[in-house]
Amino acid sequence: MNTSALPRHVAIIMDGNGRWAKKNALRVALGHRKGVEALRAIIRESSDIGIEALSLYAFSTENWRRSPEEVEALMGLLLEYFTKEIDELDENRVCIRILGDKDGMPEKQRQALIKAEERTKNNTGLKLNIAINYGSRAELARAARILAEKAVRGEIRPEDITEQALADELYTKGLPDVDLLIRTSGEMRLSNFLLYQCAYAEFVFPTVLWPDFDLAAYHEALAAFGSRDRRFGGRKT
């Protein structure tokens, strides 16, 4: 693999767990569990090959609308993941950041998220950003409120509200913009994920369902990124 052409920041919408379960005549909860297994390999590989940041869409603000049984299974998997994986992630110097409203989570899960962030905050390896109870429009509205409150207090002037000022109030403050967004299962939409951060991202939409997204598929997506001509609004001369 040509590591010089790798993206700095990869974002993944891990889509297709439910369809994978249906395809294999299994309960949806088992599809999500299989998806976690696929996730482990992608995180390790991202760390090993030098990806700077990996952002994962784990649970959106809209996912609360799913059946109580599925939400309960997802919350259980979330707690299990941070209990079982935190030691290895910490040992590999992975720095965890939660994107989203932690206060809106059940208490056990909220505490697990807070502890994971606190334990790994000084790690200098892969920046692993997990979007949980996250919606990009809500994130932008939150940033706008913070800036408005600062303006009311006289801390900033309206003309101080620049693109950078807005970016500094997002959950992703200090991270590079997304270079590559991958959405599995063949669906081709952002679903309210990192709308601001994906302004100039390259998109790859593999048809494989997330539980079957292996390292070969990941390398294929990274290679597709490396072949793109990124002009950021300019014109090739």
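By the 4.0 Å N-to-carboxylate-O rule, E85 lies close enough to R40 to be salt-bridged with it. Salt-bridge annotation for R19 and E187: present, with a side-chain N of the basic residue lying under 4.0 Å from a carboxylate O of the acidic one. Of the charged side-chain nitrogens involved, at least one lies within less than 4.0 Å of a carboxylate oxygen, so that E37 and K34 count as a salt-bridged pair.
Note on ring orientation: taking the six-membered ring where Trp is involved, the planes of F213 and W210 are parallel (angle under 30°, cut-offs 30° and 60°). By the 30° and 60° cut-offs, the orientation of the rings of F193 relative to Y134 is perpendicular.
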(request) Let me see the working for E139 and R142 under salt bridge (Lys or Arg N to Asp or Glu O under 4.0 Å), right down to the final yes or no. (result) CA-CA 5 Å; E139 177 187 29; R142 170 182 173 272; over 6 Å; no
(request) Check the pair E88, R44 against salt bridge (Lys or Arg N to Asp or Glu O under 4.0 Å), reporting the backbone distance first and the verdict last. (result) CA-CA 10 Å; E88 180 180 342; R44 291 191 189 108; 2.7 Å; yes
(request) Using the salt bridge (Lys or Arg N to Asp or Glu O under 4.0 Å) rule, take E155 and K150 through it: C-alpha gap first, then chi angles, then the decisive distance, then the call. (result) CA-CA 5 Å; E155 297 173 14; K150 287 184 176 181; 5.4 Å; no
(message) Is there a side-chain contact (heavy atoms from CB on, under 4.5 Å) between L39 and I43? Walk through the geometry before answering.
(response) CA-CA 6 Å; L39 176 59; I43 293 174; 3.7 Å; yes
(request) Give the intermediate values and the outcome of salt bridge (Lys or Arg N to Asp or Glu O under 4.0 Å) for residues R33 and E80. (result) CA-CA 10 Å; R33 182 170 293 279; E80 180 182 323; 2.8 Å; yes
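No donor-acceptor distance shorter than 3.5 angstrom exists from the side chain of T172 to the backbone of L175, with no hydrogens or angles considered. Of the possible polar contacts, none joining the T120 side chain to the N123 backbone as a donor-acceptor pair under 3.5 Å is found. Remark: side-chain polar atoms of N24 are not paired, donor with acceptor, to backbone N or O of A21 under 3.5 angstrom. Side chain of Q109 to main chain of M75: a donor-acceptor pair is present (N/O by atom type, distance under 3.5 Å, no hydrogens or angles). Under a 3.5 Å cut-off, the side chain of R183 and the backbone N or O of R189 do form a donor-acceptor pair. Side chain of D160 to main chain of R157: a donor-acceptor pair is present (N/O by atom type, distance under 3.5 Å, no hydrogens or angles). Remark: side-chain polar atoms of D214 are paired, donor with acceptor, to backbone N or O of A216 under 3.5 angstrom.
When side chains are defined from C-beta on, S60 counts as touching N63, because their heavy atoms get closer than 4.5 Å. Using a 4.5 Å cut-off on side-chain heavy atoms (C-beta onward), L6 and I51 make contact. For the pair N92/D48, no side-chain contact is recorded, criterion being any heavy-atom separation below 4.5 Å from C-beta on. P206 places a side-chain heavy atom less than 4.5 Å from the side chain of I182. Using a 4.5 Å heavy-atom threshold, the side chains of R137 and L195 count as touching. Contact of the L30 side chain with the V28 side chain is not registered, since no non-hydrogen atoms from C-beta on lie closer than 4.5 Å. At least one side-chain heavy atom of F82 sits less than 4.5 Å from a side-chain heavy atom of L113. You'll find the side chain of T184 stays beyond 4.5 Å of the side chain of L209, heavy atoms only.
For the residue pair E45/Y218, the side-chain donor-acceptor check at 3.5 Å is not satisfied. No side-chain donor from either of H9 and D179 sits under 3.5 Å from a side-chain acceptor of the other. Residues S55 and R97 have side chains that never bring a donor and an acceptor to within less than 3.5 angstrom of each other.
For the side-chain hydrogen bond (donor to acceptor under 3.5 Å, both in side chains) test, no residue two or more places apart in sequence or in another chain qualifies with T83. Residues satisfying the salt bridge (Lys or Arg N to Asp or Glu O under 4.0 Å) criterion with R93, sequence neighbours excluded, are absent altogether. Remark: E107 pairs with R110, Q111 by the side-chain hydrogen bond (donor to acceptor under 3.5 Å, both in side chains) rule, at least two apart or across chains. Scored by the side-chain hydrogen bond (donor to acceptor under 3.5 Å, both in side chains) test, E149 finds no partners at all (sequence neighbours excluded). By the side-chain hydrogen bond (donor to acceptor under 3.5 Å, both in side chains) test, K173 pairs with no residue at all, sequence neighbours left out. Applying the salt bridge (Lys or Arg N to Asp or Glu O under 4.0 Å) test to K23 and every residue at least two apart in sequence or in another chain returns nothing.
Rounding to the nearest 0.5 Å places CD1 of I132 at 11.5 Å from CG of D101.
Counting non-hydrogen atoms of neighbouring residues, nucleotides and ligands closer than 6.0 angstrom, the CZ atom of R65 reaches no more than 12 such neighbours. More than 12 heavy atoms of other shown residues, nucleotides or ligands fall within 6.0 angstrom of atom CD in E62. The local environment of CZ in R27 is sparse, with at most 12 non-hydrogen atoms from other residues, nucleotides or ligands closer than 6.0 Å.
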